[in-house]
> 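Let me begin by handing over the structure; questions about it come next.
None of the values given here were measured: they were computed from a predicted structure.
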Amino acid sequence: MPIIQRSPFFAIPKFEVGNSNISLYGDASFGVSHSKQENTYNLVSPMLVKSYSGDSKGKEVDYDYSLMPKWRISEKDYFAAYIQGNVNRETNNNTSNGESNHHDISRGSTSDYSSHLFSATAYHKHLFSEDAEMETYAVYSDNRAENTNSLEENANGNKDLNTQKYDNRHKQLTLTMNFTKDFDNGGSLEIGNETQYSYDRIENIGIEDFLFSHHRFNEYVFAGYTGMLLRKLTYDASAGMEYVSMKSDSIIHRYFRPRLSLGLYYNITNNLSTRFSYTYSNTPPPVAMLSPYNTSADTLLVSHGNPYLMPSETHSFGWNSSYFIGGLYLNTSVSYGISNDIIEPVHIEEGDGVLLTTYGNMGRYRSLKLKYYMSWRIRGLFLMMDLAHNVSYYTTAGAKKHFSGMLMLSKKWGKIEARTVFSYQNYIHTEFSRTKNYNPESSLTLSYSFTPDILLSIGCSSFIGNPRSKTTISTGQYRSVAYLTKKTFTPWILFRWSFRKNDKKKIELENEIMRDHENKIKL
């Protein structure tokens, strides 16, 4: 049974200096975490029975930064330029011993992952009038990562070494323009477009050399309007057309796909309202799922992408109703989705205990979610509960059900606040695998506010017990089972001190214009 232990350290300084015409904002975060894991693995197939156990040690160092100057050019023009970046390094070493068809084996594996992300953005906002404005974003991103996995296995005096080393490069240019106009009758118009070009270069520089290149061009144009049909009935509608051109090595796909969103909102009383919605969307395949080359150093667990993947399309229908009175808020919702050509993992047993994992457009997929939400605030006490019942209907595997829930309680006594959170999901499904969670995750926090700008917090995670789970993969005559216990009981201390001066004179351009940079690339 795997056992994981972590010991984190993190720091998050922020600053902003300037006045109502020009200012400079910056933030950074630095974190280090260590992990230790003990694991046991069992595999049963017609030609191979294998089991081994051992331990591994890991370390992760992560640094993230942002810097943004803001300038109020005139009464109607604002400009900002910001850079963002991330540097990450993860290492892991594993040793284990066991048996393979009743022969002793020893295994040693290492993993080394490093990434560097840099993006630069220019932002401009122009006010045509008090009720009309235009926002423009121009973004350049350079995303790089290197990943090396090595596995050495000794059986009966024979040594087998397998190494996979990948060098990833991702470059992207994006231009976004968005115009909004508010009307005297309460209506609002939004028109915009997004143009994007990206290039990916994935090179295998291990024992054998492979190079996968991918070009993608997207153009999306849309328009939306929010208005009122009756005194208590409003609507919102948005429609757009997307053009995509993808070239995965020599394989080319070009297509036009629409996007559509409709909504009706009815305010039944001052305390009760309901909404109906429909959305049609398309999801293109991630580049990591397109590369056809193996990324696994384990010869029994082969994994590669599929360059012939096409986007999946989804029709989503929703209904929700809300009621609030005083400090009580209730919401009930139902959502139903129908997806065609959904991208799902495909597991293929290739004999001799080898499991090939790839991806395919698996035909139709349906999902149903029933959700209930409640929050209640009274006399310094805050209670929030979020419950959901989910059903996934797969083409070949039938219906898979799971329940998820979250409970949060907080109580204030003057400058002191105590907060606890519990979250739980009983199952995590794919078409051929199932993870069963046995107990919830939890956290506890105690805070003291010396002043509105000075806060001290202490807390810990997993204070009611370590989360435990079991994952089963089964396809044909192949079956593997893994158990996991997360040793995540981690106490921590947070001290926050905000320096403020002339807060009312700050530039009227909020930091929310800074969009999150893209994620690290990782196969």
> Are the side chain of Lys165 and the backbone N or O of Glu203 linked by a donor-acceptor pair below 3.5 Å?
no

> Please determine whether the number of non-hydrogen atoms from other residues, nucleotides or ligands lying under 6.0 Å from atom CE of Met384 exceeds 12.
yes

> So that I know where these two stand, are His215 and Tyr199 an aromatic pair - ring centroids less than 6.0 Å apart?
yes

> Could you walk me through whether Val244 and Asn282 pass side-chain contact (heavy atoms from CB on, under 4.5 Å), step by step?
CA-CA 11 Å; Val244 178; Asn282 298 277; over 6 Å; no

> Using a 4.5 Å cut-off on heavy atoms from C-beta on, say whether the side chain of Glu219 contacts that of Asn193.
yes

> Angle class for the Phe463/Phe422 ring planes (parallel below 30°, perpendicular above 60°, tilted otherwise)?
tilted

> What closest approach, in Å, do Asn439 and Pro467 show between heavy atoms, and which atom pair accounts for it?
OD1-CA, 3.3 Å

> Regarding Arg259 and the six-membered ring of Tyr220, is the cationic atom NZ or CZ under 6.0 Å from the ring centre and inside 45° of its axis?
yes

> Crowded around Asn185 CG? As in, over 12 foreign heavy atoms under 6.0 Å?
yes

> So, taking the atom named OG in Ser322 and the one named CG in Asn267, what distance separates them when rounded to the nearest 0.5 Å?
10.5 Å

> Under the side-chain contact (heavy atoms from CB on, under 4.5 Å) test against Asn390, which residue among Lys369, Gln425, Lys371 passes?
Lys369

> Taking salt bridge (Lys or Arg N to Asp or Glu O under 4.0 Å) as the cut-off, I'd like each qualifying pair that reaches into residues 318-334, sequence neighbours left out, listed once.
none

> Quick one: are Met406 and Val421 in side-chain contact, heavy atoms under 4.5 Å?
yes

> Give, for atom OG of Ser29 and atom CG of Asn86, the distance between the pair rounded to the nearest 0.5 Å.
7.5 Å

> What is the minimum heavy-atom distance between Glu313 and Tyr280, and which atoms define it?
OE1-OH, 2.7 Å

> Is the backbone of Ile202 close enough, under 3.5 Å, to the side chain of Asn168 for a donor and an acceptor to pair up by distance?
no

> Can you name the closest pair of heavy atoms from Leu309 and Met289 and give their distance?
CD1-O, 3.5 Å

> Leu370 versus Ser335: any side-chain heavy-atom pair under 4.5 Å?
no

> Can you check whether Asp77 reaches His124 side chain to side chain, under 4.5 Å on heavy atoms?
yes

> Any chance the side chains of Ser447 and Ser457 put a donor and an acceptor closer than 3.5 Å?
yes

> Leu211 vs Arg201, test: side-chain contact (heavy atoms from CB on, under 4.5 Å). Steps then yes/no.
CA-CA 7 Å; Leu211 175 63; Arg201 184 180 185 274; 3.6 Å; yes

> Are Lys59 and Glu90 ion-paired here, with the side-chain N under 4.0 Å from a carboxylate O?
no

> Is Glu16 salt-bridged to Lys70, cutoff N-O under 4.0 Å?
yes

> Checking Gln164 against Asn204: is there a side-chain donor and acceptor pair closer than 3.5 Å?
yes

> Flag the pair Asp112 and Arg89 as a salt bridge only when some basic side-chain nitrogen lies within less than 4.0 angstrom of an acidic carboxylate oxygen.
yes

> If I take atom CD1 from residue Ile428 and atom NE2 from residue His402, how far apart are they, to the nearest 0.5 angstrom?
8.0 Å

> Do Asp236 and Arg275 meet the salt-bridge criterion of a basic N to acidic O distance under 4.0 Å?
yes

> What distance separates Leu409 CG from Thr420 OG1, expressed to the nearest 0.5 Å?
7.0 Å

> If we ignore hydrogens and angles and just use 3.5 Å, is the side chain of Tyr424 paired with the main-chain N or O of Asn437 as donor and acceptor?
yes

> Ser449 side chain to Pro452 main-chain N or O, any donor-acceptor pair under 3.5 Å?
no

> With no hydrogens and no angle check, is any side-chain donor or acceptor of Thr445 less than 3.5 Å from a backbone partner on Cys460?
no

> Would you check if the side chain of Ser339 reaches a backbone N or O of Ile342 as a donor-acceptor pair within less than 3.5 Å?
no

> List the steps and the verdict of ring pair (Phe, Tyr, Trp, His ring centres under 6.0 Å) for Tyr137 and Tyr123.
CA-CA 5 Å; Tyr137 285 87; Tyr123 168 85; 4.8 Å; yes

> For Leu446, enumerate each residue passing the side-chain contact (heavy atoms from CB on, under 4.5 Å) test, keeping only those at least two apart in sequence or located in another chain.
Ile416, Ala418, Ile458

> Please tell me if the side chains of Tyr293 and Tyr166 come closer than 4.5 Å, counting only heavy atoms from C-beta onward.
yes

> Describe, in one word, how the ring planes of His315 and Tyr278 are oriented to each other, choosing from parallel (under 30°), tilted (30 to 60°) and perpendicular (over 60°).
parallel

> Go through Tyr65 and Phe118 one step at a time and tell me if the side-chain contact (heavy atoms from CB on, under 4.5 Å) criterion holds.
CA-CA 10 Å; Tyr65 63 89; Phe118 174 82; 3.7 Å; yes

> Output yes when Arg144 and Glu146 qualify as a salt bridge under the 4.0 Å nitrogen-oxygen rule, no when they do not.
no

> Look up atom CD1 in Ile493 and atom CG in Leu456, then write down how far apart they are to the nearest 0.5 Å.
7.0 Å

> Do the non-hydrogen side-chain atoms of Trp319 and Tyr336 ever get within less than 4.5 Å of each other?
no

> So, are Asp200 and Arg169 salt-bridged, with charged N and O less than 4.0 Å apart?
no

> Applying side-chain hydrogen bond (donor to acceptor under 3.5 Å, both in side chains), run through Ser141 and Asn143 and close with a yes or a no.
CA-CA 6 Å; Ser141 296; Asn143 204 341; over 6 Å; no

> Which distance, rounded to the nearest 0.5 Å, do you find between the OG1 of Thr136 and the CZ of Phe179?
11.5 Å

> How close do Leu189 and Phe183 get, heavy atom to heavy atom, and via which atoms?
CB-CE1, 3.8 Å

> With sequence neighbours left out, what residues match Leu330 under side-chain contact (heavy atoms from CB on, under 4.5 Å)?
Tyr323, Leu328, Tyr372, Met374

> Given the side-chain rings of Tyr243 and Phe256, with only the six-membered ring counted for Trp, is the space between their centroids under 6.0 Å?
yes

> Walk me through whether Tyr113 and Glu60 qualify under side-chain contact (heavy atoms from CB on, under 4.5 Å).
CA-CA 9 Å; Tyr113 169 80; Glu60 180 178 0; over 6 Å; no

> If you look at every heavy atom in Asn178 and Phe222, which pair is closest and at what distance?
OD1-CZ, 3.3 Å

> Asp341 versus Met310: any side-chain heavy-atom pair under 4.5 Å?
no

> Any idea how His126 and Phe128 line up, ring-wise: parallel (<30°), tilted (30 to 60°), or perpendicular (>60°)?
perpendicular

> Are Lys232 and Tyr265 packed together at the side-chain level, in the sense that at least one heavy-atom pair is separated by less than 4.5 angstrom?
no

> Quick one about Asn88 and Ser115 (side-chain donor to acceptor, distance below 3.5 Å, no hydrogens or angles considered), yes or no?
no

> Before you tell me yes or no, could you show the steps for Thr180 and Glu190 under side-chain hydrogen bond (donor to acceptor under 3.5 Å, both in side chains), namely the whole-Å CA-CA distance, both residues' side-chain angles and the distance that decides it to 0.1 Å?
CA-CA 4 Å; Thr180 57; Glu190 181 178 9; over 6 Å; no

> Looking only at non-hydrogen atoms, find the nearest pair between Thr274 and Asn320 and report the distance.
OG1-O, 3.1 Å

